[in-house]
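Input: a single structure, listed below in structure tokens.
Ligands are counted one by one from 1 in listed order, and the atoms in each one are counted from 1 as well.
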Amino acid sequence: MTDLKDSPFASPGYFNMDQSEAVVNARAAGCTDARLSQIVSSVTRHLHALVKEVQPTIEEWAAAIDFLTRTGQMCSDWRQEYILLSDVLGVSMLVDAINSPAGAQTTESTVLGPFHVANAPARAMGDNICLDGVGTPILVEGRVLDEDGQPVEAAELDVWQANGEGFYDVQQQDLQPPMNLRGVFRTQADGHFWFLTVAPKHYAIPHDGPVGQLLLALGRHPNRPAHIHFIVKGPGLETVTTHLFVEGDPYLQSDAVFGVKDSLIASYVTVDDAQAAKTFGLANPFSKLQWEFRLKLRPKRADKADPTKDGN
Ligand code: BEZ
Ligand code: FE
């Protein structure tokens, strides 16, 4: 008969305060998925340390379970309250920092957020993505380059933003036309792109659920500084999910989701040029946001082994 002590499930003993983590983790000794085992044992270690530090009452523990339950119940096809929780606790930006370390001269990434819509319409260069004419018109103009400074032809820029009152089209389906302030552009041979839109405004993240209640209880506001979202892709290049923030916004220093990076703050330039205004169909003078995206080169894959060789 197998001695229990030799079983992979052998426990250091009964559960107690001193060896709580060791007892729980020993129970999973039979796990064959090394990464899962690493993650769950780390979760157990940190959770047990947290509980020992905080010493919750039974009522507090029940309130935590209730908070997580309500967070799950708030989720639907169009609302992801757990990602929002991750965002406001800085976890989304931490995962972003780990997976997209800042390159020397390349565009930094930031949170995707819940308002991206797949399959936004392709737009022609210079199109106006503001479909309802509400807001202060601006020109956004720039180039997509690779990390060596070479212009990228046919780079794709998937753009979306809130309107001048701080709402995305999907939040105001009865007020804004579908696909308002969204579109996909492709750069010219010299990496250039430009489009018309309206100045975005700062806005509050969805805060009518448990995450909003948490922010309120913590004395935190739910606001994000004004920004335009971009997902920029190019052949042979790493895709970057990023924003352009606007200099002078009152919430740059206190973004509810910690998404601001110094390198992503742009300034409006006033262009006083009647000819240019006429070309773009804007009143003179007009405001412009100018930006260069620099994308990392995708590492080349090692050539696959030649299957005709036996490898000896
Ligand atoms: C956004 O920028 O659209 C966003 C990001 C994180 C949470 C909520 C909104
Ligand atoms: Fe946003």
Open item on the list: Distance alone, cut at 3.5 Å: any donor-acceptor contact between the side chains of S254 and H221?
Closed with: yes
TODO: Answer with yes or no whether the side chains of Q161 and T197 bring together a donor and an acceptor at under 3.5 Å.
DONE: yes
Which ligand 1 atoms are under 4.0 Å away from a heavy-atom of [X]?
X    : value
H229 : 1 (C), 2 (O), 3 (O)
I205 : 7 (C), 8 (C), 9 (C)
L84  : 7 (C), 8 (C)
D87  : 6 (C), 7 (C)

Task: Taking atom 1 (C) of ligand 1 as the reference point, the nearest protein heavy atom with its distance - done: Y203 OH, 2.7 Å
Open item on the list: Give me the nearest non-hydrogen protein atom to atom 9 (C) of ligand 1 as residue plus atom name, then the distance to 0.1 Å.
Closed with: P114 CD, 3.2 Å
TODO: Please indicate how many protein N/O/S atoms are found closer than 2.8 Å to the Fe ion (ligand 2), with waters neither displayed nor included.
DONE: 4
Task: Side-chain touch M93/V257, heavy atoms, less than 4.5 angstrom - done: no
Task: Pair E147 + K296: basic N to acidic O under 4.0 Å - done: no
Task: Note: E165-K201 ion pair, threshold 4.0 Å (strictly below) - done: no
- [ ] Test side chain to side chain donor-acceptor pair (under 3.5 Å) on N25 and S41 and set out the steps.
- [x] CA-CA 6 Å; N25 278 333; S41 73; 4.5 Å; no
TODO: Pick out which of F230, Y168, W160 makes a ring-ring contact (aromatic ring centres under 6.0 Å, His included) with H116.
DONE: W160
Task: Heavy-atom gap H116 to ligand 1 smaller than 4.0 Å - done: no
- [ ] Could you pull out, from Q80, H243, R224, Q161, the option with a heavy atom nearest to atom 2 (O) of ligand 1?
- [x] R224
